[in-house]
2 protein chains.
Amino acid sequence: MVGIREIAKRANVSISTASYAMNGSSKVKPETRNRILAIAAELNYIPNMAGRILKKQKTNLVGVYLTNYGGAFYGELVSGIHEFLHQHHYDVIICSGERAHVFIPEKMIDGAIILDSTFSTETIVEYANRGHQMVVLDRELTQKNICSVRLNNQQGALEAVTQLNKAHSHKIYLVSGPSETYDSNARLHAAIRYLTENNSPYEIIAGDFSKKSGRAAARYILAKQEKMCGVFCLNDEMAIGMYSVFQKSTWQIGKDISIIGFDNIEVSHYLKPRLATIDYSKTEWGEKAAQKLFSMMNGEPTTDELIDVHLKGGESIGDF
Amino acid sequence: MVGIREIAKRANVSISTASYAMNGSSKVKPETRNRILAIAAELNYIPNMAGRILKKQKTNLVGVYLTNYGGAFYGELVSGIHEFLHQHHYDVIICSGERAHVFIPEKMIDGAIILDSTFSTETIVEYANRGHQMVVLDRELTQKNICSVRLNNQQGALEAVTQLNKAHSHKIYLVSGPSETYDSNARLHAAIRYLTENNSPYEIIAGDFSKKSGRAAARYILAKQEKMCGVFCLNDEMAIGMYSVFQKSTWQIGKDISIIGFDNIEVSHYLKPRLATIDYSKTEWGEKAAQKLFSMMNGEPTTDELIDVHLKGGESIGDF
DNA sequence: CTGTTAGCGCATTCAC
DNA sequence: GTGAATGCGCTAACAG
């Protein structure tokens, strides 16, 4: 492997001069620099990352922690992150699995963006206390070295139940996500509050954000044999599961029952009838997160931020 | 930041003894080891990755290069890779963008798995010649340090056109992907060969694997006003685009026209009528790729491999 | 069993 | 403008 010392030797300069030349320091005569660069190019010299990191104590790498790559909207989210950070000379790597958590204290990355409910808040706080900087997308967490960029769950839930309430005098079902996730709880809480204030009957069905739990919820509702009710699925995935069950039944979505989801993931574009859902820009979310992390890494003060969401109508709530 | 020398000092041992203790060498008395480990834990010691990498010349990291994270089936593919490599003490990071290519010669990762047609074969070969090991999923490439794990495109294309040919005496359209991609060419070639041998009329429509090009192809076909023809979309994405156009027309998919896709991505499960497509296990693909890379990194000989594919029927080809 | 020591590849401070 | 020397944090060969 050809290292910097080899370059220096061939160019008849010292190692430091070679290094200066590579890094574009003005301390080297243009003539000398060009000669060195030419030799480096010729020998296909590529600096070793570990060496540089060790010296500079900076990797220019940001880690994005996601639970499962299959996740419905990670693509756009990551694009947003990527685009911003690239512009600011950072590279982005996607990490998943608990073992990758250690990249943070190991100083393999300069900062992290986390959307992974299996990443314990305890660990995150511990890392923050060690001085590592993170942006969390899936929880509220106010502390030094941590910044939170969340969806406006409250607004979304409110729009959803308001719409369902307008359409149905009957009961409204709320299909929740895992009880330990922030997003589920925030949406559920806002929905319940609204329904309570309006004396609207509702029932909570425990789900876990998976299609399977959506199917289970649908079967539960069917068994009640009470048509003309509304369902707020706290994410689209569950709504999709619901569809598959209702479509095998005699109930018609958008007529006998109204459904609203959350996330506006791509798959739901292809459902018939079109699923009404709470939409937001995944790209913006990623970009904002990246911005915040960048600011933190530059020692600038940051504040938490909410991403706007809005109801995207669809035939699944009929014509109300 | 607390380093190994700090631990050593507090434990009244030398740096090397501390290091041995951490790495579980049998050269250290259990008693001493425990004392050292206790102190390390107390000080929240976490070894610095750059230091270790620099010394060991090994990162235990594998990079997976993907074009766009939104890609329809990356989730399962990556799970397959992850699962295998994790078991063998490697961590996996997902990379994208040209700038990340340099991780390979920089020795930031011990090996790479590539499914990214924007990653030039030239560069890959150059890296291989430098001694870096890679598994490519989207091209044929036989050379030292490179192993290829591809889909059995030929078999898939053959099954698709055979099925279409059975159903239609009329023309068969082949909607291609970008002309520079291996998968598109392989599928196209196999399909053409079969059709030529059987004297079946066909026409190629140039696409680029995007929904948009699928829509364009559909409009082109509609304009011909010749029903009862078959379409082999070289991927599902384009088939989905086609659906949206035909469904706004008077033509009925599966009746006036037959469509077969390739990939069996999740979205196509929700199309009505169900899209017939060429299916394969994405997880198996990832796992095989990981296996091959692991073998290479251990200096074992490897051979290229093909992943089995098979036709998954659907209503989009009617009842033939 | 434990300590001393020499790098891994690079960037940078300080002399010249 | 250039070179020699130092250290980043860690491992492992070698000596004790």
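So that the names make sense, note that chain A is the first sequence line, chain B the second, and so on, each numbered from 1.
Atom P of nucleotide C:dG9 and atom CG of B:N48 are separated by 17 Å, given to the nearest angstrom. As rounded to whole Å, 13 Å separates atom P of C:dA6 from atom CD1 of B:I15. A straight line from NZ of B:K29 to P of C:dG3 spans 10 Å, rounded to a whole angstrom. A:L54 places its CG atom 12 Å from the P atom of C:dG9, with the value rounded to the nearest Å. Note: CD1 (A:I36) to C1' (D:dG3) measures 12 Å, nearest angstrom. The interatomic distance linking B:I53 (CD1) with C:dC10 (P) rounds to 14 Å, in whole Å. As rounded to whole Å, 11 Å separates atom P of C:dA11 from atom CE of A:M49. Look at CD on A:E31: it is 12 Å from C1' on D:dG1, rounded to the nearest Å.
When the side-chain nitrogen and oxygen atoms of A:T32 are compared with OP1 and OP2 of D:dT2, one or more of them lie within a distance under 4.0 Å. Distances shorter than 4.0 Å separate none of the side-chain N or O atoms of B:K55 from OP1 or OP2 on D:dA12. Note on B:T17: every side-chain N or O is 4.0 Å or more away from OP1 and OP2 of C:dT2. Phosphate proximity of D:dT11 to B:Q57: absent, as no side-chain N or O sits under 4.0 Å from OP1 or OP2.
Here D:dA12 is the nucleotide among D:dG7, D:dA12, D:dC10 with the atom lying nearest to any side-chain atom of B:K56. For B:R52, the listed nucleotide lying nearest its side chain is D:dT11; candidates were D:dT11, C:dG9, D:dT2.
Contacts with DNA chain D (heavy atom under 4.0 Å) in residues 4-14 of chain A: A:N12, A:V13, A:S14, listed by number.
Within the 4.5 Å cutoff, no side-chain heavy atoms of A:E6 are placed close to those of A:Y45. Using a 4.5 Å cut-off on side-chain heavy atoms (C-beta onward), A:I53 and B:I53 make no contact. Between B:T59 and B:M108, the closest side-chain pair of non-hydrogen atoms is not below 4.5 Å. Here the side chains of A:H82 and B:S96 are in contact, with some heavy-atom distance below 4.5 Å.
Judged purely by distance below 3.5 Å, without hydrogens or angles, the side chains of B:T67 and B:Y74 pair a donor atom with an acceptor atom. In this model, no donor atom of one side chain and acceptor atom of the other lie less than 3.5 Å apart for A:D183 and A:T181.
Partners of B:T302 according to the side-chain contact (heavy atoms from CB on, under 4.5 Å) rule, which considers only residues two or more places apart in sequence or in another chain, are B:C147, B:K292, B:S295, B:M296.
No hydrogens or angles were tested; on distance alone, a donor-acceptor pair under 3.5 Å links the side chain of A:S16 to the base of D:dA4.
With respect to A:Y65, the ring pair (Phe, Tyr, Trp, His ring centres under 6.0 Å) criterion is satisfied by exactly one of A:Y127, A:F119, A:F103: A:F119.
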Collect all protein-nucleotide pairs involving nucleotides 14-16 of chain D in which both atoms are nitrogen or oxygen and the distance is under 3.5 Å.
none

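Here B:E42 does not pair with B:R10 in a salt bridge; the nearest charged N to carboxylate O distance is not below 4.0 Å. The pair B:E31-B:R35 fails the salt-bridge criterion, with no side-chain N (NZ, NE, NH1 or NH2) lying under 4.0 Å from an Asp/Glu carboxylate O.
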